Amino acid sequence: MLRYASVATAHSLAIVRPASDVIEGGNQAPFAIQPIIKIVDAAGNTVTSATNAVTAKVMSGSSTVLVSATVNAVNGVADFSGENLFTDTTRPTQIVFESGDLLKVYQSVAVMPRPETLRVVSDATAVVSTPGTWVRGDFYTDPSVPNAVLRVSDVMEKIEEGLEVKLATSTGDITMEVAISSSPQAGSLTLDAGRDTFLRQDIKLAGATSSLVVKAARNIVTTGGAWNNYRELWSSNGNLVLWANSNDNNQGTILIPNYTELKSNGGDIFIAGGAATTSGEVEVPGGYAVAFNGTFNDGVRFGTSQIRDQVRVLSEGGDIVVRGSTNQNSRYGILGYAGNRIHSGTGVIDFSGTTFGNQRGMGIRLNWLGGAAMGSFLISESTQNPAIRMHVNNDSTGSWWGLYIDEGAAMDTRTDQDSIDRNGGNSYSQSARAIALNRMPNIWGKGGIDIDVTQRIYAHSIMARGNFLAETGDITLDAGNKSIYFNGASSRGSYFGSMPNSPITSSSANINLHGAYFAAEDYSNFFTNGELIADPGSNSDFTASIYFPRTTTVIGNDVNTPSKVRIGRFIAGSGDGLGNNGIRRIELNRTFDVNGPLEVYGGSVLLYQTISASGGVSVSAEYTAYLYGNLRVTGENNDIRVYAEDRVLTNGGKSFTTNGGNIIFGPHADGTDALGHNGDVYIASGVKINTANGLTDDPDYNNNRGHVIFAAANSFDENGFPNGLAEAYSQNIHGVNLLQSNGACEQRHKDSHRWW
């Protein structure tokens, strides 16, 4: 007997597993469950021998293919797992499955919606949660219940499974009415509101890498705690993100009230807004939280009143990024009431504040309303340069301050333990006593501090009433073409570089001050072994004189002596020597030492006090150099060189001494007439000029030598010494005037002297 085995003929396609879990608004987010299709014969049996190519087309409308994928059947089955099929709309659509001439099969796609609003409540408040679907850790509501309510136990179940839990709304608010506290096995939590997010209870995640992301298309509003029961928002070695204005439409602020603690336990902290960017391959806010009306008028606000330690932002090694903006009158991009403690451990701190619109706003204001009662802390132990960065940009047509740090009181710097506590303790950990007793705003960046406020419009750029401390790197205050306003009062002592009895008692940081002019340098202390540069900017709007240092400004102490001091950057023929067509002078009226060179450049230069510099002294003046104080160069063979485009004048009884270096006074540096004369040297009665050995009153002529040269600096010889003619400009003035009344004019030198 012969038998024939029938061969199944492929006839059509059939759906084994439909695509499902379609996420509302999930543009290019794949179906959570991808489809499986089989090839069947006319009787509906699988054709196991079929290897046909099967194509799935996800349609956008009736004729447009949104996305398609093709797989080859194996044993008659085409599995689209991993093919990333997705939809991009919130309306129903369909998927068309086809393979050559086989009959097609169709699947309708119904999108699962996010709730319009969402509340997370205690189990006692709700008997059951709103009907809906959990797709792994994402919740989607039943379409019949747009305003969803979830019991906290249902949410915690997903978190404790280690899932990435996401609670989102389409258009409305998310309100957290109950505390969440997880175990070390827990996952992460994202809240993503279509309008505002209200955080009324603690959220404390303790998983190995738990992140906490709080997003809102508009505002994030936190309910504060109490002095003995802080509102706590914690991640655990994952990012802690407060992300307002997530639609990037210039509406959305972040309000962090008193007695709130943000802690990431090693993760980064972002308090910002705007469109997404990436950090460490994780989405984070790339822009600003933005004030937009009279109620929500500060982009980011730390605290609601001045209370010690009222807001804590603690990353314990992660970076802290804060960005805020405002368009409201007399309000702030970032505002911190007095009493904040923002501490990144070994992470960096980055603040950016902006203003826009047509109102008078301020980019950043810190320690507001501190008065003489309390200060604030921004602390980074990072060795990166800078460890702390503050940047302000003004796009408003209004005019106010850019960065304002103010309203502390003098720091007690006695050497007993109480005073060490006042300054923050021997390490960066903040004791209760340090918080209770500290009075001054403190910006402590171990590796350096960069403050950049260089934009236009401001009435002033930087109010710097605080301590700016760094062990290494640079401390830069850049006000561009506007002013830096310093301390200005004996009741408020400010420190730059290091501070006695603080965590930073010695510094090698370079201190760079740049602005159109400086104001109120009184009672400011610059303690560093690095360079100190005060560099007035060039702008015709400001012709104020530069008084730096003033009589109450302190440069160096018994621990730190700057390696260089430079004031000004000379631009010959510019008017004031600084690039400004107006007339400005540079005045130094404080005794100090430099463990290196001293350089002073400007319009008229006035030196009133004794200055000792081991590396030599260079002075260049657009007009007259007034040497009314003593100059002492202690390093061997380093010069005193004073050039002026007009005159070089000395005061009676002063001394100019080097340790073997030259002393050169060179007037008439430009070779042109100015102010009605050419340029002379005036050596007053009793002046001492000593190049042999300025270290003693009894020079050792056998070991040290130096030239004394008084000549016009409009030309130089082969050795680089001026050899022009110092010229008188009236019958009572001499080209070089050695006045010897009321005492002797003394010059000591071994080699030679000359004057013309």
Side-chain angles (χ1 to χ4, degrees), residues 319-322 334 344 348-353 363-364 366 378-394 401-405 441-455 458 460-487 494-499 504 506-521 524-539 546 548-549 553 555-556 560 562-569 578-579 596 599 601:
D319 296 343
I320 298 176
V321 177
V322 182
I334 300 173
S344 64
V348 302
I349 296 175
D350 190 337
F351 274 37
S352 294
I364 301 175
L366 302 178
L378 269 73
I379 305 171
S380 170
E381 297 165 71
S382 172
T383 57
Q384 181 175 322
N385 182 20
I388 295 178
R389 179 178 182 268
M390 296 188 186
H391 176 265
V392 170
N393 185 46
N394 183 37
W401 288 86
L403 170 70
Y404 203 99
I405 301 175
N442 293 281
I443 314 298
W444 296 346
K446 187 172 185 178
I449 300 168
D450 180 48
I451 295 178
D452 178 5
V453 190
T454 58
Q455 284 66 43
Y458 305 121
H460 301 282
S461 278
I462 300 174
M463 171 67 81
R465 287 176 176 163
N467 301 319
F468 299 81
L469 308 182
E471 285 187 3
T472 58
D474 300 287
I475 300 173
T476 300
L477 275 66
D478 190 348
N481 62 4
K482 301 297 182 181
S483 68
I484 301 176
Y485 196 101
F486 289 89
N487 195 11
S494 291
Y495 291 83
F496 294 79
S498 68
M499 182 170 67
I504 300 179
S506 181
S507 174
S508 63
N510 299 317
I511 301 174
N512 304 291
L513 310 172
H514 181 83
Y517 68 94
F518 309 136
E521 302 93 325
S524 296
N525 305 280
F526 298 86
F527 294 163
T528 184
N529 290 320
E531 297 181 355
L532 171 59
I533 308 298
D535 196 7
S538 57
N539 185 275
I546 307 298
F548 187 87
T553 306
I555 296 177
N560 294 129
S563 60
K564 177 181 180 179
V565 174
R566 175 170 64 81
I567 302 173
R569 187 189 300 270
L578 305 170
E599 301 174 9
Y601 309 119

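None of the values given here were measured: they were computed from a predicted structure.
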Steps toward side-chain hydrogen bond (donor to acceptor under 3.5 Å, both in side chains) verdict (Ser498, Asn560)
CA-CA 8 Å; Ser498 68; Asn560 294 129; 2.7 Å; yes
Rounded to the nearest 0.5 Å, the CD1 atom of Ile533 sits from the CZ atom of Arg569 at a distance of 8.0 Å
Within a strict 4.5 Å, meaning less than it, do heavy atoms of the Phe486 and Phe518 side chains meet?
yes
Value for OH (Tyr495) from CZ (Phe468), rounded to nearest 0.5 Å, stands at 14.5 Å
Minimal heavy-atom distance between Gly556 and Phe527, with the atoms involved, is O-CE2, 3.4 Å
What pair of heavy atoms forms the shortest contact from Ala479 to Ile484, and how long is it?
CB-CG1, 3.6 Å
List for me each residue that meets salt bridge (charged side-chain N to carboxylate O under 4.0 Å, His left out) alongside Asp350, sequence neighbours excluded, and say none if there are none.
Arg389
When you measure from the side chain of Asp478 to the backbone of Gly480, do you find a donor-acceptor pair of N or O atoms at a distance under 3.5 Å?
yes
Heavy-atom pair with the smallest gap, counting every atom of Leu477 and Ala464:
CD2-CB, 3.9 Å
Worked check of side chain to side chain contact (heavy atoms under 4.5 Å, CB included) between Asn385 and Thr472:
CA-CA 8 Å; Asn385 182 20; Thr472 58; over 6 Å; no
Value rounded to 0.5 Å, distance of CG in Asp452 from OG1 in Thr476:
9.5 Å
With rounding to the nearest 0.5 Å, note down the distance linking CD in Glu471 to CD in Glu381.
9.5 Å
Ring pair (Phe, Tyr, Trp, His ring centres under 6.0 Å) between Phe526 and Phe548, worked out
CA-CA 11 Å; Phe526 298 86; Phe548 187 87; 5.3 Å; yes
The test is side-chain hydrogen bond (donor to acceptor under 3.5 Å, both in side chains); show your working for Asp535 and Asn512 and say whether it passes.
CA-CA 8 Å; Asp535 196 7; Asn512 304 291; over 6 Å; no
Show, in sequence, the C-alpha distance, side-chain angles and deciding distance for Leu403 and Ser461, and conclude whether the side chain to side chain contact (heavy atoms under 4.5 Å, CB included) test is met.
CA-CA 6 Å; Leu403 170 70; Ser461 278; over 6 Å; no
Looking at residues at least two apart in the chain, or sitting in another chain, which of them share a salt bridge (charged side-chain N to carboxylate O under 4.0 Å, His left out) with Glu599?
Lys564
What verdict does the side chain to side chain contact (heavy atoms under 4.5 Å, CB included) test give for Met390 and Leu366, after you've listed the backbone C-alpha separation in whole Å, the side-chain angles of each residue and the deciding distance to 0.1 Å?
CA-CA 11 Å; Met390 296 188 186; Leu366 302 178; 3.7 Å; yes
So, taking the atom named CG in Asn467 and the one named OG in Ser494, what distance separates them when rounded to the nearest 0.5 Å?
6.0 Å
Any side-chain heavy-atom pair of Lys482 and Ile462 under 4.5 Å:
no
Report the distance from atom CG of Leu513 to atom CD1 of Ile451, rounding to the nearest 0.5 Å.
10.5 Å
How close do Pro536 and Ile546 get, heavy atom to heavy atom, and via which atoms?
CG-CG1, 3.8 Å
Tightest non-hydrogen contact, residues Pro441 and Ile405, listed as CB-CG2, 3.8 Å
Scanning both residues in full, the closest heavy-atom pair of Ile388 with Ser380 reads CG1-CB, 3.8 Å
Check: Ser507 side chain, Ala470 main-chain N or O, donor-acceptor pair, under 3.5 Å:
yes
Under the side chain to side chain contact (heavy atoms under 4.5 Å, CB included) test, which residues partner Val322, sequence neighbours left out?
Ile271, Val300, Phe302, Ile320, Ile334, Phe351
Test side chain to side chain contact (heavy atoms under 4.5 Å, CB included) applied to Tyr601 and Arg566, step by step:
CA-CA 8 Å; Tyr601 309 119; Arg566 175 170 64 81; 3.9 Å; yes
Has the side chain of Thr528 got a donor or acceptor atom that lies under 3.5 Å from a matching backbone atom of Pro562?
no
